[in-house]
J.: 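One structure, as structure tokens, below. Some questions next.
What you are looking at is a predicted structure, and each value in this text was computed from that prediction instead of being measured.
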Amino acid sequence: MLFRSIVTLTTRSEEANRCLCEHQAERDECAAKTNTYLSAANRQCDELAEMVLDFSVEIAEQLLQAQRLMPADVDAELHIDPIRALIADTKLAATRTAETMQDEQHRLAGEKERLETQRQKHERELLRLEHFEDVVPELDGLDETLDRLRQSGIGPRLLFQELAFLPEVSPELQAAVESALGISRLATIVVLQKDVERARQCVLDAGQGLRLLDANAVRRTGVTQPKEGTSVLGLVRTENERVRMHLQATVGTLALLPQPAPDGADQHWFAVDGSGGERGARWRLELDEPRWIGEDTRRQVRQREIKRLQSAIEQLSAEIKTIEGEVQRRKCARETLVRLPAQLDGLDLPGSLERFWSSLHQLAERIDDSKRRVSEIENDLGTSRYERDRLAEAIADLQKQLKGCDVEGVKKRLDDLSKTRKETTEAIGSCRKEQQDTQKKKTSLDAEVASAEAELAETHALVADARDELVTV
């Protein structure tokens, strides 16, 4: 009996240890998966923080904070609520920043369009300078009219191309002369006398109010030189007789007059239009850098303008390229921010961690239960083994006591005792059988007695009834 108990307990112990090993293996596997997930989550948080760091320090810091809140290993404490709140705030910040990036993209697109418009304008101006090979004022219809005249076989020139300043004229006086004559007059179209009729029709068809030196002008008789200021015509010269006579007839009385400024720091130039020695109209001149009269001046202005436009175009191109890079960077940033909530959902924080920790907790409970069962079985098994050892010791002592005894006599006595025991057992069995037979007979007699008593009672009842009838009779 004791041996069977030990065998049973040993089997149960092996089964309990097997269950414990299975639970420990399951926990080790779950812990490995959890550590793998933690490593992947930490790595992805680092990658996401690095991606958004250039355009949102706030979101990068939130991602790193979520990373710091994650447990270092399976034995650390898990903070569910702070991680959940931080992930929700990160998604909200990503959505808000993405909207800001979109607005910034639109703003940069508008700035790029403005710069491209300005660059196209400069490119047109540059092409215009290269097209005419000279500076030409920007007057409505002038470019088209000059091209049309050339296409008609007429070689047009502008009035300022027929003029030159005298060597002693200062830049300040040159600027005053150009301002007094005005660009509309200086841009008067000049053609050969034989081409005037054809040129007139072309200029009139343009309908832009352009001027054409159309006939031979003559000096008006009776007109004297201005007596006040410096004569404009005295500062310029021309080889074209028609241009000279035209200017004498139209601005022969125009003079320049300097006057000190009210603060005394500079002087202002005025144009005086007087005829017959009397003062006529007077107006203040706005002086700009001389640029129309004089071939060398125009060449320098043209070269300077070409360099300025080329530099401006290069600078605008660089700015446009920078803006394009910024637009692309913000586009990539916005796409990254738009994807960020889905990527965080893919990490499933802190849901995955919560499930991992729940599984680890359940497996830990199972392991504790298995350990408790193993401990109980080991205790029972130890007790049984102790009893077995005690019994073995008792048997050993008995065997020692039996040494030196008449074993054959003991065996014969044991055989006799066994025979006597067998005979006694058989006698007891015979007695039990007789007892059972007697019991059966007793049961039968009891039944007969009960039946006789029933018949006797019935007889008494009949006698009573007969007595009653006799009494009645």
J.: At what distance, to the nearest 0.5 angstrom, does OG1 of Thr100 lie from CD of Glu104?
T.: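 Spacing of OG1 (Thr100) from CD (Glu104) equals 9.0 Å.
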J.: Taking the side chain as C-beta and beyond, is there a heavy-atom pair between Leu64 and Cys45 under 4.5 Å?
T.: no
J.: For Glu99, which residues count as a side chain to side chain contact (heavy atoms under 4.5 Å, CB included) partner, sequence neighbours excluded?
T.: Thr95
J.: Roughly how far, to the nearest 0.5 Å, is the CG atom of Leu63 from the CG atom of Leu86?
T.: 8.0 Å
J.: Does Arg128 use its side chain to pair, donor to acceptor, with the backbone of Val136 at less than 3.5 Å?
T.: yes
J.: Step by step, would you call Glu197 with Arg200 a salt bridge (Lys or Arg N to Asp or Glu O under 4.0 Å)?
T.: CA-CA 5 Å; Glu197 290 297 331; Arg200 182 189 300 118; 2.6 Å; yes
J.: Between Glu305 and Arg302, does at least one N-O distance fall below 4.0 Å, as a salt bridge requires?
T.: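 Between Arg302 and Glu305 there is no salt bridge, as every charged N stays at least 4.0 Å from the carboxylate O atoms.
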J.: Report yes if the side chains of Val190 and Leu159 come closer than 4.5 Å at any heavy-atom pair, otherwise no.
T.: yes
J.: Taking Glu162 as the fixed residue, which of Arg242, Arg244, His246, Arg157 is the one that meets the side-chain hydrogen bond (donor to acceptor under 3.5 Å, both in side chains) rule?
T.: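 So the option named by the test is Arg157.
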J.: Would you call Arg329 and Glu326 a side-chain contact if the rule is heavy atoms closer than 4.5 Å?
T.: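 The answer is yes; the side chains approach within 4.5 Å.
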J.: How about Val135 and Leu129: do any of their side-chain heavy atoms sit closer than 4.5 Å?
T.: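 Yes - at least one pair of side-chain heavy atoms lies under 4.5 Å apart.
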J.: Salt bridge or not for Arg84 and Asp81, using N-O below 4.0 Å?
T.: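 So Arg84 pairs with Asp81 through a salt bridge.
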J.: Which pairs of donor and acceptor atoms, one on a side chain in residues 291-301, lie under 3.5 Å apart (sequence neighbours left out)?
T.:
| unit_1 | atom_1 | unit_2 | atom_2 | d |
| --- | --- | --- | --- | --- |
| Asp296 | OD1 | Arg299 | NH1 | 3.2 |
| Asp296 | OD1 | Arg299 | NH2 | 2.5 |
| Arg298 | NE | Asp134 | OD1 | 3.4 |
| Arg298 | NE | Asp134 | OD2 | 3.3 |
| Arg298 | NH1 | Phe160 | O | 3.4 |
| Arg298 | NH1 | Trp292 | O | 2.8 |

J.: So which heavy atom on Ala98 is nearest to which on Val338, and how close?
T.: CB-CG2, 4.2 Å
J.: Has the side chain of Thr117 got a donor or acceptor atom that lies under 3.5 Å from a matching backbone atom of Glu113?
T.: yes
J.: Indicate whether any N or O donor in one side chain lies under 3.5 Å from an N or O acceptor in the other, for Gln65 and Arg68.
T.: yes
J.: Going by side chain to side chain contact (heavy atoms under 4.5 Å, CB included), Gln62 matches just one of Thr90, Ile87, Val52. Which one?
T.: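 With Gln62 as partner, Thr90, Ile87, Val52 yield a single side chain to side chain contact (heavy atoms under 4.5 Å, CB included), made by Thr90.
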J.: So, using salt bridge (charged side-chain N to carboxylate O under 4.0 Å, His left out) as the criterion, who are the partners of Glu111 when residues are at least two apart?
T.: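 Residues passing salt bridge (charged side-chain N to carboxylate O under 4.0 Å, His left out) with Glu111: Arg114.
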J.: Quick one: salt bridge (charged side-chain N to carboxylate O under 4.0 Å, His left out) partners of Glu26, sequence neighbours excluded?
T.: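 Expected list: Arg366.
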J.: Locate the shortest heavy-atom distance separating Val196 from Leu212; write the atom from each residue and the value.
T.: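 Closest approach of Val196 to Leu212, heavy atoms only: O-CD2, 4.2 Å.
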J.: Does atom CZ of Arg211 have more than 12 heavy-atom neighbours from other groups under 6.0 Å away?
T.: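 More than 12 within 6.0 Å, yes.
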J.: Tell me every residue that passes salt bridge (charged side-chain N to carboxylate O under 4.0 Å, His left out) with Arg96, counting only those two or more places apart in sequence or in another chain.
T.: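 Expected list: Glu58.
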J.: Can you confirm whether more than 12 heavy atoms, excluding those of Lys371, are under 6.0 Å from its NZ atom?
T.: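 At most 12 heavy atoms, drawn from other residues, nucleotides or ligands, come within 6.0 Å of this atom.
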J.: Going from CD on Gln102 to CG on Leu337, what distance comes out if it is rounded to the nearest 0.5 angstrom?
T.: 11.5 Å
J.: Decide side-chain contact (heavy atoms from CB on, under 4.5 Å) for Glu172 and Trp269; before the verdict, give the C-alpha distance in whole Å, the side-chain angles of both, and the deciding distance to 0.1 Å.
T.: CA-CA 9 Å; Glu172 185 179 11; Trp269 284 90; 2.8 Å; yes
J.: Give me the atom names and distance for the closest heavy-atom approach of Pro137 to Ala187.
T.: CG-CB, 3.8 Å
J.: Rounded to the nearest 0.5 Å, what separation is found between the NE2 atom of His122 and the CD atom of Gln120?
T.: 11.5 Å
J.: Are there over 12 heavy-atom neighbours, none belonging to Glu50, within less than 6.0 Å of that residue's CD?
T.: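 Open.
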J.: Checking Glu376 now: which residues fulfil side-chain hydrogen bond (donor to acceptor under 3.5 Å, both in side chains) with it, not counting sequence neighbours?
T.: none
J.: Under the side-chain hydrogen bond (donor to acceptor under 3.5 Å, both in side chains) rule, collect the residues that match up with Gln303, sequence neighbours excluded.
T.: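 Gln303 satisfies side-chain hydrogen bond (donor to acceptor under 3.5 Å, both in side chains) with no residue once adjacent residues are dropped.
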J.: Any donor-acceptor pair under 3.5 Å linking the side chain of Gln174 with the backbone of Val169?
T.: yes
J.: Minimum heavy-atom separation for Cys202 to Arg148, with atom names?
T.: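 The answer is SG-CD, 3.3 Å.
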J.: Could you pull out all residues at least two apart from Ser359 that satisfy side-chain hydrogen bond (donor to acceptor under 3.5 Å, both in side chains)?
T.: none
J.: Side chains of Thr145 and Ile189: does their closest heavy-atom pair fall under 4.5 Å?
T.: yes
J.: With a 4.5 Å cut-off on side-chain heavy atoms, are Val232 and Leu256 touching?
T.: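 In contact.
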J.: Could you tell me whether the side chain of Leu149 reaches within less than 4.5 Å of the side chain of Asp195, counting heavy atoms only?
T.: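 Heavy-atom side-chain distance check fails, nothing below 4.5 Å.
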J.: Under the side-chain contact (heavy atoms from CB on, under 4.5 Å) rule, what do Val177 and Val236 come out as? Steps first, then yes or no, please.
T.: CA-CA 9 Å; Val177 169; Val236 297; 4.2 Å; yes
J.: Please give me the minimum heavy-atom distance between Pro290 and Pro171, naming the atom from each residue.
T.: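 Minimum heavy-atom separation between Pro290 and Pro171: CG-O, 3.4 Å.
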J.: Residues in salt bridge (charged side-chain N to carboxylate O under 4.0 Å, His left out) with Glu22, at least two apart?
T.: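 Testing Glu22 for salt bridge (charged side-chain N to carboxylate O under 4.0 Å, His left out), a comparison that skips the adjacent residues, returns Arg18.
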J.: List for me each residue that meets side chain to side chain contact (heavy atoms under 4.5 Å, CB included) alongside Gln315, sequence neighbours excluded, and say none if there are none.
T.: Glu319
J.: Do Arg308 and Glu125 have side chains that approach each other closer than 4.5 Å (heavy atoms only, starting at C-beta)?
T.: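 Result yes, sub-4.5 Å side-chain heavy-atom pair found.
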J.: Considering residues at least two apart in sequence or located in another chain, which fulfil the side chain to side chain contact (heavy atoms under 4.5 Å, CB included) criterion with Arg150?
T.: Phe132, Leu146, Asp147, Pro156
J.: Testing the 3.5 Å rule here: is there a donor-acceptor pair between the side chains of Ser152 and Arg198?
T.: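 No - no donor-acceptor pair under 3.5 Å links their side chains.
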J.: Measure the spacing between CD of Gln328 and NZ of Lys331 and express it to the nearest 0.5 Å.
T.: 5.5 Å
J.: Got a sec, which residues hit side-chain hydrogen bond (donor to acceptor under 3.5 Å, both in side chains) with Glu116, two or more places apart in sequence or on another chain?
T.: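 In terms of side-chain hydrogen bond (donor to acceptor under 3.5 Å, both in side chains), with neighbours along the sequence ignored, Glu116 is linked to no residue.
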J.: Report the distance from atom CD of Gln105 to atom CE of Met101, rounding to the nearest 0.5 Å.
T.: 9.0 Å
J.: Can you check side-chain contact (heavy atoms from CB on, under 4.5 Å) on Leu166 and Leu235, steps first, answer last?
T.: CA-CA 6 Å; Leu166 298 179; Leu235 301 175; 5.5 Å; no
J.: State whether the number of non-hydrogen atoms from other residues, nucleotides or ligands found under 6.0 Å of Glu239 atom CD is greater than 12.
T.: no
